[in-house]
Amino acid sequence: MTLVSISSNLLFVAFVCYLIATMFFGGAVKVSGSKTSASERRWGRIGIIVTIVGFIANLAYFITRWIAAGHAPVSNLFEFTTAFGMMVVGAFILIYFIYKTPLLGLFALPIAIIIIGFASMFPRDINPLIPALKSYWLTVHVTTAALGEAILAISAVAGLIYLLKNVDITKKTKQRFWLEAVMFTLVLVLGFVASTTTFSVMDYEAKFNYVDKEQKEKEIIYNTPPIFGMNEFEALTPGTMTPLAEMPSIVNAKKLTTVTWSLLFGTVLYVLLRLITRKSISALLKPFAQKANSQLMDEIGYRAVSIGFPVFTLGALIFAMIWAHEAWSRFWGWDPKEVWALITWLFYAAFLHLRLSRGWHGEKSAWLAVIGFIIIMFNLIAVNLIIAGLHSYA
Amino acid sequence: MNNIICACGHENPEGTVLCGNCGRPLTKEAKNQKLADMRYEGTARRSQTYNKSIIDKIWNFFSSVKIGITIIVAILVAAAIGTILPQVLYVPATTEADIAAYYERVYGTFGKIYYELGLSDLYGSWWFQTLIGMLGISLIVASLDRFIPLYKSLKKQRTKRHESFMKRQRLYAQGENILGENSLAKSEEKLKELRYKVTREDGALLAEKGRFARWGPYVNHVGLIIFLFGVMLRALPGFYVDETMWIREGETRAIPEAPGFYLESKEFILETYDKATEDEVFGEAIDRVGTIASNYQTDVVLYKKPEEALPGQTDDLKEVKKESIQVNHPLKFEGYSVFQMDFRLDELKTMHFKLSNKASGETLGDLAIDLVNPETSYDVGKGSKVELLGYYPDFSGFENGEPQTKSPVPNNPAFLVKMFTPETPEGETSFVAIKQTVEPLGDNEFKLEFQNVDTRDVSGLTIRKDKTLWILALGGLLFMIGVAQGSYFNHRRIWIHESTEGHLVVAAHTNKNWFGVKKELDQVTEAAQLPPYIDQHDTEGQELKEDGEKSS
């Protein structure tokens with residue numbers, strides 16, 4: 001077995017551990033009635049042990065891949081997103097040892113699982129580094145930035161628990177709508193994983209010629225049945241589906257097709273869930289969140305931001321500027337990824353000021369934490385895949 | 001100034017909310033609140049006190065956190081809008097007209113509107129810069145407005161506070177004094193063990209730690225102000241150099257904006273990953289993506305002109321150093337950095353021609369034309385020569401019979417020549433381009449035949465000098481110190497009073513992390529058998545407390 005395959009097996013072990021740990025945390029929350037019983041503590045303890053075992057496997061994946069590649073495995077979308085998922089688990093373990101709340105694990109681990117699952121949909125081969133990435137700052141900048149984002153993500157998890165407990169879902173309110181919208185978005189990510197996996201198991205491939213926005217002829221390979229065709233497309237693989245609509249040259253119809261399939265799969269999944277359980281996802285999760293102490297969740301949410309914000313600033317702005325100055329000759333160039341890191345930073349700065357000076361505690365603070373996570377994910381996914389810039393390495 | 005005199009006799013400046021001496025609420029509002037607003041210790045802030053003159057109004061505007069947050073959000077939204085389409089900087093067009101055309105051609109009507117609104121150069125626009133400036137002013141004013149009174153108040157705080165102050169703290173306890181006179185001593189011992197600074201004053205105890213955490217926000221704001229100041233300085237001449245130069249292999253050129261320094265390019269190197277020789281782990285990636293570059297490098301020699309040399313004299317340059325400039329490894333000297341940014345492969349360097357007789361095919365001789373510094377006349381030998389009447393490095397066609405050149409770069413060189421041979425001593429005129437020969441003055445007997453070309457690579461280098469870097473670094477460092485100071489440390493205070501009825505009153509305050517201060521108060525409560533405290537903010541927790549929801 002090569003080091004690379006050992007590495008991917010370790011990642012799989014970590015993934016499975018996180019799934020098992022989630023169930024134990026679920027058990028810990030379920031058995032705890034009004035009292036902290038010995039069995040809650042036992043389930044919780046097993047949960048955290050399994051999480052730590054998974055985390056060690058995850059770290060081992062990271063290290064073995066590092067050795068195999070000769071550089072820190074954070075150089076493409078798969079590697080970065082996986083590292084981000086790993087750090088979310090790390091941040092959860094850190095917070096768990098401060099506050100000892102199994103409930104946090106019940107929500108943080110599934111988020112990490114979804115992130116790692118999402119990551120695995122991108123090409124997993126080991127890239128050699130392009131000249132711009134050949135620097136020890138790659139390791140320093142990217143890992144610190146990811147760690148900061150992961151700690152900030154924990155605040156969104158605490159916020160989500162707070163909202164699930166405190167938003168009244170028996171009445172038709174804006175809050176109820178948006179909370180369910182957040183849940184639906186998470187299901188859409190599962191939809192993306194499900195559709196990508198389905199078509200890759202089928203080995204689907206359709207080749208097209210098209211004309212890009214610079215009027216150049218190019219070739220593109222779809223791995224999903226083409227709903228949308230590229231500008232002036234011409235099918236090269238016989239026997240595949242004909243695109244239903246042709247897109248203008250500024251739209252990447254391949255990515256649009258992937259998004260559409262994710263939407264279709266996700267929506268079907270969501271509708272099935274609702275039909276089977278006859279409940280909204282918020283309602284499904286509410287009984288678990290009901291056990292939370294709102295004050296504690298608010299505290300954890302704020303604590304995570306106050307720990308994560310300095311780390312994020314250091315990694316995503318300061319280290320980033322130092323490296324940009326070495327590699328691109330300027331410390332700041334308004335590249336989309338840079339701008340979105342600044343936006344994330346400004347957002348959390350506003351969050352802290354609203355909380356400290358305007359007294360935005362509780363529900364408002366919880367909503368802000370969730371929005372912050374959405375901005376982080378936007379920077380990770382949309383900026384890399386949609387807005388082209390210097391950071392589009394994947 | 002209308003000072004407010006508290007019941008304890010202390011004179012407080014106008015606008016004070018909590019008495020600086022005993023902590024009694026002084027305003028009607030504060031008296032009605034269940035919990036005291038401890039944010040700035042209830043001190044008088046300028047912005048909350050005066051609102052008459054224009055200066056007051058401007059001060060109050062910028063000191064408001066609400067305004068500060070509004071500015072932050074405005075910058076945030078503007079910054080996001082700027083990422084919808086690429087900014088001018090990243091668009092492959094240089095002239096204003098080309099840029100406008102680019103946006104319209106590639107992004108249609110939306111692109112045209114985006115460009116017309118100036119959103120394509122959003123970050124350089126006057127209004128965006130104004131927003132950043134306003135943020136700077138807000139940082140200064142808001143910090144001063146809060147820091148000075150807070151500093152004074154914490155510096156002269158008293159150990160003993162009034163009952164009403166204690167009662168309005170979030171963590172509060174009142175009850176039996178079990179250990180009697182030993183309570184305070186026991187508490188002090190435990191608090192000292194927890195690294196509190198303890199002061200006592202007849203029957204009252206104040207334990208405090210981590211006060212410096214309160215300065216964190218002001219330190220980080222100072223850092224940001226310094227950073228913004230550094231950015232502003234770069235607009236002044238002399239602080240900031242940003243130039244580009246193209247240098248061909250074998251060429252020596254003066255470095256722009258770096259007087260006296262010259263750079264010679266020895267070689268430009270482009271390397272790519274090779275599946276056969278590289279580690280096999282990269283195999284799949286190379287198969288999927290195709291060619292992946294591994295190195296862009298220019299080997300250079302840096303020269304300095306001696307002090308006493310005349311301007312323009314470049315023959316006795318002194319070598320300073322040899323270096324390989326790579327991406328991520330700029331050449332550095334005397335505050336300048338030279339970066340590997342771009343390259344052009346295989347630019348034409350020399351063209352080789354053969355002068356021959358059209359009829360017999362007999363060759364009279366060869367000539368090589370240097371495309372950067374062509375000579376006016378070439379001696380071919382055997383009594384023949386070729387005169388260069390015109391040189392068009394980037395020939396683009398004829399206009400009114402005149403040959404035109406698009407640029408000074410030899411992309412498509414063409415020549416107007418006069419050929420002299422012993423047989424045609426008065427000369428024959430010919431226009432020679434790579435695949436084209438025109439004989440404008442009638443048929444010639446001789447022709448210049450294109451043989452081959454020599455090429456070389458060109459490196460695109462960027463020269464930077466930034467005298468503001470250390471200011472930016474200082475600002476960044478201060479920001480990090482301040483933000484760590486404010487985030488990772490908490491200011492905690494615990495007050496314990498012996499009340500007149502033989503009871504104990506306990507109150508605690510922290511600027512953040514209530515969970516932490518509760519844990520410590522738990523320990524002190526246990527050690528000195530203090531009355532159990534309640535969290536007046538956490539109603540839910542109170543109900544659950546006995547249920548053991550609160551983890552220990």
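What you see is a predicted model, and the numbers here were worked out from it, not measured in a lab. Lettering of chains follows the sequences in order, A, B, ..., and the numbering in each one begins at 1.
Between A/E299 and B/F515 the shortest heavy-atom distance is OE2-N, 3.7 Å. Taking every heavy atom of both residues into account, A/W340 and B/A80 meet most closely at CZ2-CB, 3.9 Å.
B/K332 meets the side-chain contact (heavy atoms from CB on, under 4.5 Å) test with A/E326, B/P330, B/S337; sequence neighbours excluded. Scored by the side-chain contact (heavy atoms from CB on, under 4.5 Å) test, A/S200 finds no partners at all (sequence neighbours excluded).
Of the listed residues (B/I463, B/N513, B/I75, B/V73), the one with the most heavy-atom contacts under 4.5 Å to chain A is B/N513. Options B/V77, B/L76, B/V65 differ in how many heavy-atom pairs under 4.5 Å they form with chain A, and the most are formed by B/L76. Contacts with chain A were tallied for B/Y107, B/F339, B/F479; B/F339 has the most, counting heavy-atom pairs under 4.5 Å. Here A/L314 is the residue among A/T344, A/L314, A/V4, A/L317 with the most heavy-atom pairs under 4.5 Å with chain B. When the candidates B/L89, B/L469, B/D242, B/D466 are compared by the number of heavy-atom contacts under 4.5 Å with chain A, B/L469 comes out ahead.
At least one donor-acceptor pair under 3.5 Å links the side chain of B/N328 to the backbone N or O of A/P131. Here the side chain of B/K66 pairs no donor or acceptor atom with the backbone of A/S357 at under 3.5 angstrom.
Ring-plane geometry between A/W334 and B/Y123 is classed as parallel, the angle between the planes falling under 30 degrees on a 0 to 90 degree scale with a further cut at 60.
Looking at A/F347, both its backbone and its side chain come within 4.5 Å of chain B, counting heavy atoms on both sides. If you measure heavy-atom distances from A/L354 to chain B, the contacts under 4.5 Å come from both the backbone and the side chain. Contact of A/W332 with chain B is not made at all, since no heavy-atom distance falls under 4.5 Å. Heavy atoms closer than 4.5 Å to chain A are found nowhere in B/L270, neither backbone nor side chain. Heavy atoms closer than 4.5 Å to chain A are found in the side chain of B/Y102, but not in its backbone. Using a 4.5 Å cut-off between heavy atoms, A/I307 contacts chain B through both its backbone and its side chain. For a residue to count as touching a neighbouring chain, one of its non-hydrogen atoms must lie under 4.5 Å from one of that chain's; by this rule A/V305 does not touch chain B.
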